[in-house]
Amino acid sequence: MRTYRQHPRGWAIGEFLAGLALVVVCAQAGAAQQRKYLVELSAGGALQSFDSDALLKSAAGGVGRLGVWLPLNFSIEAEGDFTSAKSKTRDVKVGVKTFALSALYNFLIGANNSAYLKLGGGSTKYGSDCPAVASANDPICGRSGAFLGGVGFRVGLTPTLLVRGEGLVTLNKSKEGPSGAGVSLSNFGASLGLSLMLGSKPILDADNDGVLDNRDRCADTPSGASVDARGCPSDGDGDGVPDGVDRCPTTVAGAAVDVRGCSQDTDADNIPDGLDRCPDTPAGVLVDPRGCPKDSDGDQIPDGLDRCSDTPRGATVDALGCPGDEDGDGVLDGLDRCPRSNPGASVNATGCTQGQVPTRPAPTAPAPAGPPAQSNANPAAPAQPPSGAARPGVAAQPPPSGRPAIDTTGRPIQRPNVTVPRPAAGGGAIAAGAIPGVAFAPRTARLDPASYTALDSLADLLHANPSARVEIAAHTDNSGSSSDDLRLTALQAEAVRDYLVVKGVSYQQIVARGYGSSLPLTPDTTPRGRAANRRVEIRPVAAEP
């Protein structure tokens with residue numbers, strides 16, 4: 001090849017940088033590539049600018065390409081460029097032919113669009129073979145090796161027909177020339193044409209997550225799940241239900257969830273299953289952060305059902321958690337070491353009169369002396385039946401001293417046969433006893449509003465024990481006739497049952513019965529004694545076969 005003096009080519013570098021800028025402009029975000037390309041057949045027009053040492057004017061020509069697409073967005077192609085350029089020194093034309101094999105890396109930037117970088121090698125032939133003797137004004141001639149580098153873009157007109165543009169730098173190097181000197185040329189060209197994609201196939205999206213299968217790294221994503229660019233679902237709260245499907249996306253870590261991703265709370269204590277260490281807590285019970293019932297006063301009636309949550313340690317309580325005072329001496333049952341003091345007797349902090357020998361051991365935990373706070377509408381009514389009262393079918397038990405109990409007149413007290421079992425051990429169990437705080441307008445079956453708190457608590461207890469069946473027993477004093485007393489107490493028991501049913505308790509859970517004045521707690525006829533006999537009791541009953 002003929003050798004010429006080389007000149008600066010700064011403008012060529014500028015063209016190459018402009019080509020790179022074209023790639024940046026074209027590389028805009030878009031939808032994922034929707035087809036898998038196999039064979040590319042391309043043709044177009046070209047404009048070629050030659051190195052100044054070639055002494056050729058810029059000229060138009062043509063280009064043809066045949067490419068094969070490979071995995072990972074690579075492709076290879078063979079191409080041929082054909083240009084006929086005029087010589088700057090003579091009125092002749094020089095045919096320039098370049099044949100090359102190139103590798104491309106394609107950037108997919110839309111449903112049918114792409115940009116690419118290109119590197120390759122081949123050969124370029126300028127005109128015919130060079131003569132043995134040449135002059136300085138002879139046009140360029142001969143063959144040289146070619147190294148190609150360029151950038152380009154494709155814009156889809158249809159899924160298979162695309163407009164293709166390209167900027168290319170061709171570096172020629174040859175050992176031919178006078179005196180054995182080599183030739184180095186840098187040519188720049190641009191082309192614009194069409195590409196036809198033969199044998200292309202649509203790319204599927206098997207799981208319909210918006211990421212096509214060729215880019216989807218998680219091909220079995222559940223329908224509706226939010227996915228990242230790789231097609232994999234995200235799970236913000238780590239509950240195993242992907243975002244988009246998860247209807248409760250902020251579930252606490254460790255909580256058990258349903259198929260919607262929402263936490264479950266079997267016992268409705270606001271501590272979700274999975275974190276709840278006591279998943280069968282009765283309804284209405286207050287729980288600690290682990291979901292287990294709290295019992296502030298340690299009386300085995302959990303907070304929330306316990307209407308007397310500050311009961312002193314050691315005192316016995318009824319089903320509502322309230323302590324009783326069997327002998328009305330101001331010392332609570334369980335703390336009273338002399339539980340059968342005579343009415344009106346002056347007692348010390350242990351419940352014993354001066355010089356009296358205690359009949360019960362001291363409680364294991366000391367408790368402050370004095371009566372507890374009363375929330376009972378009838379302050380004289382005992383919160384729990386006497387522990388020494390006789391039970392149906394069982395003879396009345398005498399005091400531990402072996403002597404019968406006596407009243408203030410010195411006569412033996414005849415205690416009625418009343419079944420009052422002790423409260424069951426365990427939070428929320430149905431235990432028998434008087435319901436503290438339940439009262440009526442005098443000689444009527446109209447509930448006093450002060451009774452509602454105690455009855456609401458009883459309703460919660462029955463809700464928590466839907467299989468339990470209880471008797472509501474109403475009693476009164478002997479100030480009226482027996483028939484009137486029976487009728488009055490029957491109406492009072494019915495009034496209590498009606499209230500509980502309105503609060504949602506099953507009607508079949510409750511048996512209402514009035515006993516009149518037939519089962520007094522005490523024969524005391526003082527106002528205090530009569531008030532003690534006016535009471536409403538609850539006791540479990542066996543289910544009917």
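Put simply, the side chain of Asp265 gets close to the backbone of Asp269: a donor and an acceptor are under 3.5 Å apart. A donor-acceptor pair under 3.5 Å is formed between the side chain of Asp288 and the backbone N or O of Gly291.
Ring orientation note: the planes of Tyr499 and Tyr452 are close to parallel, at an angle under 30° on the 30°/60° scale.
With sequence neighbours left out, the side chain to side chain contact (heavy atoms under 4.5 Å, CB included) criterion links Ser263 to Thr251, Ala255, Pro272. Considering only residues two or more places apart in sequence or on other chains, Phe82 meets the ring-ring contact (aromatic ring centres under 6.0 Å, His included) condition with Phe99. Judged as a side-chain hydrogen bond (donor to acceptor under 3.5 Å, both in side chains), and not counting sequence neighbours, the contacts of Thr221 are Asp207. Applying the salt bridge (charged side-chain N to carboxylate O under 4.0 Å, His left out) test to Asp258 and every residue at least two apart in sequence or in another chain returns Arg260. Residues passing the salt bridge (charged side-chain N to carboxylate O under 4.0 Å, His left out) test with Lys294, sequence neighbours excluded: none. Leu66 pairs by the side chain to side chain contact (heavy atoms under 4.5 Å, CB included) definition with Val39, Leu41, not counting sequence neighbours. Legend: residues meeting side-chain hydrogen bond (donor to acceptor under 3.5 Å, both in side chains) with Asp303, ordered by chain and number and at least two apart, are Ser296. By the side-chain hydrogen bond (donor to acceptor under 3.5 Å, both in side chains) test, Ser457 pairs with Arg307, sequence neighbours left out. In this structure Asp498 satisfies the salt bridge (charged side-chain N to carboxylate O under 4.0 Å, His left out) test with no other residue, sequence neighbours excluded. Leu194 meets the side chain to side chain contact (heavy atoms under 4.5 Å, CB included) test with Leu157, Leu161, Val163; sequence neighbours excluded. With sequence neighbours excluded, the residues forming a side-chain hydrogen bond (donor to acceptor under 3.5 Å, both in side chains) with Glu494 are Arg497, listed by chain and number. Pro249 is linked by a side chain to side chain contact (heavy atoms under 4.5 Å, CB included) to nothing, counting only residues two or more places apart in sequence or in another chain.
Contact detail for Phe74 and Asn106: the closest heavy-atom pair is C-ND2, 4.0 Å.
Of the candidates Asn172, Asp81, Thr124, Asn172 is the only one forming a side chain to side chain donor-acceptor pair (under 3.5 Å) with Asn187.
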